[in-house]
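Sharing a structure with you now.
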Amino acid sequence: MSKQKVVISGAGLWNPEHTISNEELVDSYNQFAELYNQQHAAEIEAGELEAKPFSSAEFIEKASGIKSRYSYSKEGVLDPTRMRPQLTERSDEELSHQAEMALAAAEKALTEANKSPEEIDAVIVSCAYTQRSYPAIAIEVQAALNIKGFAFDMLVACSAATFALHRAYEMVAAGTAKAVLVINPELTSPQVNYKDRDSHFIFGDVATATIIEQAETCQSEHSYEILGIKAQTQYSNNIRSNFGYLSHVTDVDPYSADKLFHQNGRKVFKEVCPMAAEHLTNHVTETGLSNEQITRWWLHQANINMNVLIGKKLMGRMPTQQEAPIVLDEYANTASAGSLIAFNLHHKDLQAGDYGVICSFGAGYSIGSLVIQKR
Ligand SMILES: CC(C)(COP(=O)(O)OP(=O)(O)OC[C@H]1O[C@@H](n2cnc3c(N)ncnc32)[C@H](O)[C@@H]1OP(=O)(O)O)[C@@H](O)C(=O)NCCC(=O)NCCS
């Protein structure tokens, strides 16, 4: 089997129509906290319950770099008596919420790649959560686009996008697929504990999509040869969600705090930054390059201070916005989609021959990267 040259030929980004600013989010959280503290005044006074502390927009921006986030459903999140998004359940015959997000991004990626659905022969939907186990969201999208071949879902938390791009690369390189559509419909807001001051601000909703194909079929204005892929995982409980179908039989509250996103943010910061910097330097070196030759780093977007630290380790100095673009201020953490949002918004200015790196890091722990070169 001959190894094909593989390229990224198109990228698509879809934003929900609603945004929530830090100020709006903090305002509703603080109203909730006040209400909670009033309702539980006696237990708090008796030392049986802890009072809910107040949140602050200044803290959020300083600690994370986040100013705002997109929200698939704003209603409900800002209601201090609800504190979670409100979605309407759709019937089995209707397009599901996540497939709708995925389709919107997929159509943009197809247009950018100058490809029609008939030319795609595999679809991967990969994200931190899928709204159901089966049938796969990917197969629903495949049907909606009238794509032949096969489709499947993958879950790899923050590295879902890069790990799916790896699988697409391998299929195209091996010749088992000619063109693969990878989609990341990150509907993160239902897993956020909006009653938790430490994490209520972290996530936003978005969908990204990417076309991977053989170089010889590529007809895109902006395409990138994939020079190498690298992944690693190391088990950690520091970012965790216990949500799952076992709650039906364990007689526990399926929506208690441990079933939503929770983390030990400090530990994550300390452990993941050196791992990611070492991984990236090793990957770039193994590709026969040095970090100085990389024109653009499309890094995972979880926290601006993480990106600054990793960028400094890679470059020996503070990276500029052009070298390692930050999209956190507008998008917040979008689980696996962050590095691809950065790619979508900041790749067309690269010159033929320029090198770039797409990288994710986070829960698992998991780290995934691709070294690419503009054609
Ligand atoms: C989550 C994260 C932004 C928190 O920043 P931090 O500087 O580590 O903040 P801490 O959690 O240590 O809290 C610092 C103080 O601010 C307080 N604080 C936390 N959230 C607050 C909020 N929303 N508003 C005001 N104060 C807040 C804390 O209670 C703490 O107070 P204390 O010092 O009196 O105990 C940071 O740890 C981080 O980015 N970690 C990386 C992991 C990550 O982003 N993961 C996402 C999934 S991949």
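Whatever order the structure lists them in is the order used to number ligands and atoms, beginning at 1. All values derive from a computational prediction rather than experimental measurement.
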Please confirm whether His97 and Tyr72 have ring centers closer than 6.0 angstrom.
yes
Salt bridge Lys374-Glu225, side-chain N to carboxylate O under 4.0 Å
no
Assess, by modelled atom type and distance only, whether the side chains of Ser126 and Asn184 contain a donor and an acceptor separated by less than 3.5 Å.
no
Are any non-hydrogen protein atoms located under 4.0 Å from atom 35 (O) of ligand 1?
no
Please work out which of the three classes, parallel, tilted or perpendicular, describes the rings of Phe243 and Tyr129, given edges at 30° and 60°.
tilted
Between Asn303 and ligand 1, which part of the residue brings a heavy atom under 4.0 Å of the ligand: side chain, backbone, both or neither?
side chain
Does the N or O separation between Ser64 and ligand 1 drop below 3.5 Å for any pair?
no
min-distance protein heavy atom vs atom 10 (P) of ligand 1 -> Arg266 NH2, 4.1 Å
Whether Lys52 engages the ring of Tyr36 as a cation-pi pair (distance to the six-membered ring centre under 6.0 angstrom, angle to the ring normal within 45°) should be assessed.
yes
Atom 40 (N) of ligand 1 [closest protein heavy-atom partner, distance rounded to 0.1 Å]:
Gly265 O, 3.0 Å
Protein contact of atom 14 (C) of ligand 1 - nearest heavy atom, named by residue and atom, plus distance:
Phe59 CE1, 3.9 Å
Check ion pair Glu286-Lys230 (N to O, under 4.0 angstrom):
yes
For Val268, the atoms of ligand 1 under 4.0 Å from one of its heavy atoms are 42 (C)
Is_contact(atom 19 (C) of ligand 1), protein non-hydrogen, under 4.0 Å
yes
Which bit of Asn333 is near ligand 1, meaning a heavy atom under 4.0 Å away: side chain, backbone, both or neither?
side chain
With respect to atom 28 (C) of ligand 1, which of Arg197, Lys62, Glu58 exhibits the smallest heavy-atom separation?
Arg197
Determine whether the side chain, the backbone, both or neither of Cys158 has a heavy atom under 4.0 Å from any heavy atom of ligand 1.
side chain
Any protein heavy atom < 4.0 Å from atom 32 (P) of ligand 1
no
So the atoms of ligand 1 within less than 4.0 Å of a heavy atom of Ala63 turn out to be 3 (C), 5 (O)
For a ring-ring contact (aromatic ring centres under 6.0 Å, His included) check, start with the C-alpha distance between Tyr224 and His347, then their side-chain angles and the critical distance, and finish with the verdict.
CA-CA 10 Å; Tyr224 300 82; His347 77 82; 5.4 Å; yes
Kindly give the heavy-atom pair with the smallest separation between Asn291 and Leu280, and that separation in Å.
OD1-O, 4.5 Å
Tyr194 and His200 aromatic centres sub-6.0 Å
no
Glu323/Arg296 salt bridge by N-O under 4.0 Å criterion
no
Closest heavy-atom pair and its distance - Val268, Tyr365
CA-OH, 3.8 Å
Looking only at protein heavy atoms, what sits closest to atom 1 (C) of ligand 1 is Gln263 NE2, 3.4 Å
Lys/Arg N to Asp/Glu carboxylate O, Lys115 vs Glu213, below 4.0 Å:
yes
Quick one: which ligand 1 atoms are inside 4.0 Å of a heavy atom on Asp198?
19 (C), 20 (N)
Considering only non-hydrogen protein atoms, determine which one is nearest to atom 24 (N) of ligand 1 and report residue, atom name and distance to 0.1 Å.
Ser56 N, 3.1 Å
Interfacing atoms of ligand 1 (cut-off 4.0 Å, heavy-atom, Met306)
41 (C)
Under-4.0 Å protein heavy-atom contact, atom 5 (O) of ligand 1:
yes
Can you check atom 8 (O) of ligand 1: any protein non-hydrogen atom closer than 4.0 Å?
yes
